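Predicted model, so just to flag it, every value in this text is computed and none were measured. Counting convention: from 1, in listed order, for ligands and their atoms alike.
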Amino acid sequence: MIEKFAHRVEDIEISGIRKAFEALSGEFFNLGLGEPDFDTPAHIKEAAIQALKSGFTSYTFNKGIEELREAISDKFKRDNNFVVSPEEIMVTSGASEALHIAILSVVEKGDEVLMPNPGFVSFAALTKLAEGKPVGVPLSEDFTMSAEAVKEKITNKTKVMIINSPANPTGAVESERNIKALVDIANDHRITIISDEVYEHLIYDDLKHISPARFSDEVITVNAVSKTYAMTGFRLGYLAARDEYVEQMLKIHQYIQACASSISQEAALAAIIGPQECVAEMRSEFKRRRDLAVEALRDMGMEFSTPKGAFYIFPQVKDEKEFVERLRRKKIIVTPGSAFGSLGRNHVRISYATSFEKLKRAFKIMNEVVNF
Ligand SMILES: Cc1ncc(COP(=O)(O)O)c(C=O)c1O
């Protein structure tokens with residue numbers, strides 16, 4: 001009998017993060033979601049309003065408007081230390097679309113895609129949609145992805161390695177040395193790197209964000225304005241790669257998306273070329289909350305690796321199901337660790353993208369739940 005739905009959709013599940021979100025009603029402490037709680041800075045909203053007012057509401061070039069691609073090219077030079085021409089940049093509907101078309105353009109049926117385990121939910125789901133095989137790389141104690149662990153997972157079917165630093169759900173940040181080692185392995189085995197850098201500006205302490213594209217041409221760099229400028233709803237991301245990659249990805253983008261929103265592109269332009277103080281302010285508030293979370297979890301006697309970036313902390317718990325449920329009864333939403341891969345089991349992801357005061361109250365309640 002012919003089946004109604006394609007295996008590619010039947011084989012993936014609704015994200016565990018969304019499930020928790022959709023179950024919300026009434027007053028909750030939502031420590032489950034991955035988006036900044038800040039309002040989009042005023043000058044960025046103003047650029048969107050101006051785009052609307054001036055009638056900038058039609059399709060744009062498939063790749064995105066030229067000014068924005070030039071601004072992104074300058075940004076890569078300024079922030080990430082690598083040179084990429086505006087022609088090698090594509091503007092997408094969020095980093096989500098960029099990841100999707102990057103994976104679709106290189107992964108064939110049965111190809112293996114290395115990814116951190118635990119790691120961001122989309123990596124495995126998008127790989128499956130492309131009929132590839134997600135291969136989770138077990139992480140070190142501090143949740144970084146070591147070159148040795150990657151090496152053990154390489155086979156003659158390995159096609160892609162996904163690097164995500166700073167990482168969701170762990171907050172881990174890869175060092176320059178490790179990024180170089182990962183790039184070397186990828187080059188030795190002719191593996192394309194997809195580097196998801198959406199949290200690049202949310203790094204605390206003295207670490208620096210390092211883009212693999214600094215050291216290799218075989219990298220598709222994925223980024224977005226979503227997290228950096230509190231613009232998740234604008235759905236505006238971008239990617240950079242050598243011509244031959246962009247040529248293939250553009251074909252997919254053209255048919256599944258046509259172009260990113262014209263209004264959001266104007267807003268993203270204002271974000272990238274405008275004043276960057278808003279980013280520093282949000283980062284410093286996130287750091288304050290990270291410190292609060294670390295202290296609170298330590299006081300509760302929980303085991304965790306101190307996150308160095310993004311806005312998540314990923315402590316161990318005895319039984320994640322029970323823990324999540326007990327918190328839910330107290331109106332606190334956190335995400336079960338197994339939503340991020342098998343090795344995330346018996347952890348929870350706590351997002352500190354919520355106000356300091358709310359976080360404080362939530363941790364107080366959590367303390368009672370943990371130590372009851
Ligand atoms: C690691 C990572 N990559 C990509 C995305 C998606 O970003 P966007 O909202 O720009 O599609 C997220 C969102 O949570 C993320 O955590």
Contact table, ligand 1 N/O with protein N/O, distance under 3.5 Å:
residue	atom	partner	partner atom	Å
ligand 1	3 (N)	Asp196	OD1	3.4
ligand 1	3 (N)	Asp196	OD2	2.5
ligand 1	9 (O)	Ser226	OG	3.4
ligand 1	9 (O)	Arg235	NH1	2.9
ligand 1	10 (O)	Ala95	N	2.8
ligand 1	10 (O)	Ser226	OG	2.6
ligand 1	11 (O)	Ala95	N	3.2
ligand 1	11 (O)	Ser96	N	2.9
ligand 1	11 (O)	Ser96	OG	2.6
ligand 1	11 (O)	Arg235	NH2	2.7
ligand 1	14 (O)	Lys227	NZ	2.6
ligand 1	16 (O)	Asn168	ND2	2.8
ligand 1	16 (O)	Tyr199	OH	2.7

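- When Phe314, Phe340, Phe323 are each tested for a ring-ring contact (aromatic ring centres under 6.0 Å, His included) with His347, only one passes: Phe314.
- Salt-bridge formation is detected for the pair Lys45/Asp39: a Lys NZ or Arg NE/NH1/NH2 atom is positioned less than 4.0 Å from an Asp or Glu carboxylate oxygen.
- Here the two rings, on Tyr312 and Tyr199, have centers that are under 6.0 Å apart.
- Annotation: Phe286 is in aromatic contact with Phe38 [ring centroid separation under 6.0 Å].
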Practice item. Applying side-chain hydrogen bond (donor to acceptor under 3.5 Å, both in side chains), run through Gln50 and Glu46 and close with a yes or a no. Key: CA-CA 6 Å; Gln50 283 313 318; Glu46 192 51 42; 3.1 Å; yes
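- Ionic pairing of Glu88 and Arg69 is not present here: no N-O contact between side-chain nitrogen and carboxylate oxygen is shorter than 4.0 angstrom.
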